[in-house]
Engineer: 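This is the structure I want to talk about, given as structure tokens.
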Amino acid sequence: MNAAPADQIRLLDLQAIDSRLDQLAHRRRSLPEHAEIDKANADHTALTSLVVAAQAQLGDTTRELAKAEGDVEQVRARTARNQQRLDSGAVGSPRDLENLQHEVGSLAKRQSDLEDVVLEIMERMESAQTRVTELTARLDHSTVVLKEAEARREAAFAEIDADAEKVKRDREAVATVIPADLLKLYIRLREQQGGVGAARLYQRRCEGCRVEFAVSDLNAIKAEPKDAVVRCDNCGRILVRTAESGA
Ligand SMILES: [Zn+2]
């Protein structure tokens with residue numbers, strides 16, 4: 001393949017531009033915000049589950065309390081009814097009176113036990129409420145952390161993308177003047193060779209693979225016609241000769 005030395009030099013400009021675009025793409029992929037967002041998302045998901053569980057626990061305890069308070073209320077009502085019957089003097093037989101007084105005594109004990117249960121449930125409800133409050137605060141904080149990291153990522157994206165747009169316009173300007181066959185070879189080699197398709201021959205070295213040429217090989221390369229497209233024997237990349245290629 002042949003190409004004017006000026007077009008071969010332009011290939012080096014294109015390579016520099018493409019490497020810059022690769023760097024920008026790499027920077028975009030490896031922003032620290034990606035890991036921060038992943039972690040913040042995981043925290044947020046875990047905390048959401050914990051809040052849901054704590055709220056369910058609080059709901060259960062609230063229902064448990066309502067039931068226990070209802071039980072106390074029933075006993076109170078029954079005691080009040082019994083007391084009313086005793087006070088009214090309507091209970092005539094001593095046996096009935098004794099039974100009723102006995103029941104009033106049992107009910108007082110039962111009410112006291114049930115009130116202890118109510119207190120115990122109230123304590124548990126208080127800790128359940130505290131847990132809901134704490135977890136909700138942590139969840140809110142994790143939402144803030146997540147949103148901040150997302151905002152920083154978006155800002156970094158915007159900056160990188162603006163740079164990339166500018167570099168892509170430069171690339172377009174350079175690429176359009178390079179002969180199609182040379183450009184095609186460069187693109188193919190760039191894909192095969194980790195992003196570098198064209199390298200300068202600089203001070204006897206291929207700048208693509210860093211191999212240093214023996215004097216005899218260097219002389220053979222220099223002896224090629226100026227418009228010959230030379231490839232590195234070692235890495236296969238297009239080797240662009242410049243004034244600093246070395247003797
Ligand atoms: Zn090489």
Side-chain angles (χ1 to χ4, degrees), residues 1-41 149-247:
M1 184 182 294
N2 294 305
D7 285 334
Q8 295 192 35
I9 300 280
R10 282 193 187 97
L11 215 48
L12 293 178
D13 295 340
L14 187 64
Q15 178 65 68
I17 289 170
D18 280 338
S19 295
R20 173 78 185 128
L21 285 173
D22 288 347
Q23 281 167 8
L24 288 170
H26 179 263
R27 216 181 113 206
R28 203 182 197 281
R29 282 194 306 273
S30 47
L31 286 172
E33 282 80 10
H34 293 308
E36 286 177 45
I37 289 167
D38 285 350
K39 190 188 173 299
N41 262 322
E150 282 174 345
R152 273 185 282 116
R153 182 181 63 181
E154 288 314 308
F157 275 174
E159 192 184 315
I160 292 168
D161 292 349
D163 279 359
E165 277 313 306
K166 194 170 154 291
V167 177
K168 276 177 193 164
R169 284 196 295 275
D170 292 347
R171 186 191 191 280
E172 196 55 33
V174 174
T176 48
V177 293
I178 295 172
D181 56 348
L182 184 63
L183 188 62
K184 202 173 155 190
L185 175 64
Y186 158 79
I187 289 169
R188 181 165 64 79
L189 290 171
R190 194 172 115 75
E191 278 169 10
Q192 289 168 0
Q193 298 289 342
V196 180
R200 188 168 60 147
L201 176 64
Y202 182 72
Q203 293 181 344
R204 297 171 56 184
R205 282 183 191 277
C206 164
E207 284 201 319
C209 65
R210 310 302 303 169
V211 75
E212 184 173 359
F213 295 105
V215 175
S216 55
D217 292 338
L218 190 70
N219 286 338
I221 293 168
K222 288 175 73 179
E224 291 278 340
K226 291 284 179 213
D227 66 346
V229 174
V230 178
R231 305 269 298 273
C232 170
D233 276 348
N234 188 52
C235 67
R237 293 181 175 99
I238 298 165
L239 204 51
V240 180
R241 290 164 289 170
T242 69
E244 298 89 32
S245 288

Engineer: Can you find a pair of side-chain heavy atoms, one from Arg231 and one from Met1, that are under 4.5 Å apart?
Structural biologist: no
Engineer: Taking atom CD1 of Ile160 and atom CG of Leu31, what is their separation to the nearest 0.5 Å?
Structural biologist: 4.5 Å
Engineer: What residues form a side-chain contact (heavy atoms from CB on, under 4.5 Å) with Arg200, not counting sequence neighbours?
Structural biologist: Leu12, Tyr202, Glu207, Thr242, Glu244
Engineer: Keeping the roles fixed (side chain from Gln15, backbone from Gly195), state whether a donor-acceptor pair exists under 3.5 Å.
Structural biologist: yes
Engineer: Nearest 0.5 Å, what's the CG-CG distance between Leu182 and Leu11?
Structural biologist: 4.5 Å
Engineer: Which heavy atom of Lys222 sits nearest a heavy atom of Arg241, and at what distance?
Structural biologist: O-NH1, 4.1 Å
Engineer: Drop me the distance from Ile178's CD1 to Leu183's CG, to the nearest 0.5 angstrom.
Structural biologist: 5.5 Å
Engineer: Does Ile37 offer a backbone N or O that forms a donor-acceptor pair with the side chain of Glu150 under 3.5 Å?
Structural biologist: no
Engineer: As a quick check of understanding, evaluate side-chain contact (heavy atoms from CB on, under 4.5 Å) for Leu239 and Glu224, giving each step before the final call.
Structural biologist: CA-CA 12 Å; Leu239 204 51; Glu224 291 278 340; over 6 Å; no
Engineer: Hey, is the main chain of Ala3 close enough, under 3.5 Å, to the side chain of Gln8 for a donor-acceptor pair?
Structural biologist: yes
Engineer: To the nearest 0.5 Å, tell me how far Gln23 CD sits from His26 NE2.
Structural biologist: 10.0 Å
Engineer: If you round to the nearest 0.5 Å, how far is CZ of Arg169 from CD1 of Ile17?
Structural biologist: 12.5 Å
Engineer: Are the side chains of Val211 and Cys232 in touch, meaning some heavy atoms are under 4.5 Å apart?
Structural biologist: yes
Engineer: Can you run down the side chain to side chain donor-acceptor pair (under 3.5 Å) pairs that involve residues 172-187, sequence neighbours left out, and say none if there aren't any?
Structural biologist: Asp18-Tyr186
Engineer: Would you confirm whether Gln193, through its side chain, and Cys235, through its main-chain N or O, come within 3.5 Å as a donor-acceptor pair?
Structural biologist: yes
Engineer: Roughly how far, to the nearest 0.5 Å, is SG of Cys206 from CD1 of Ile238?
Structural biologist: 11.0 Å
Engineer: Identify the two heavy atoms, one from Asn234 and one from Cys209, that lie closest to each other, and give their separation to 0.1 Å.
Structural biologist: ND2-SG, 3.1 Å
Engineer: So among Asp161, Asp163, Asp22, which one has a salt bridge (Lys or Arg N to Asp or Glu O under 4.0 Å) with Arg28?
Structural biologist: Asp161
Engineer: Is there side-chain contact between Asp170 and Arg20, with heavy atoms separated by less than 4.5 Å?
Structural biologist: no
Engineer: Is the side chain of Arg237 donor-acceptor paired with the backbone N or O of Gly197 at a distance under 3.5 Å, no angle test?
Structural biologist: no
Engineer: For residues Arg190 and Leu14, determine if any side-chain heavy atom of one lies less than 4.5 Å from a side-chain heavy atom of the other.
Structural biologist: no
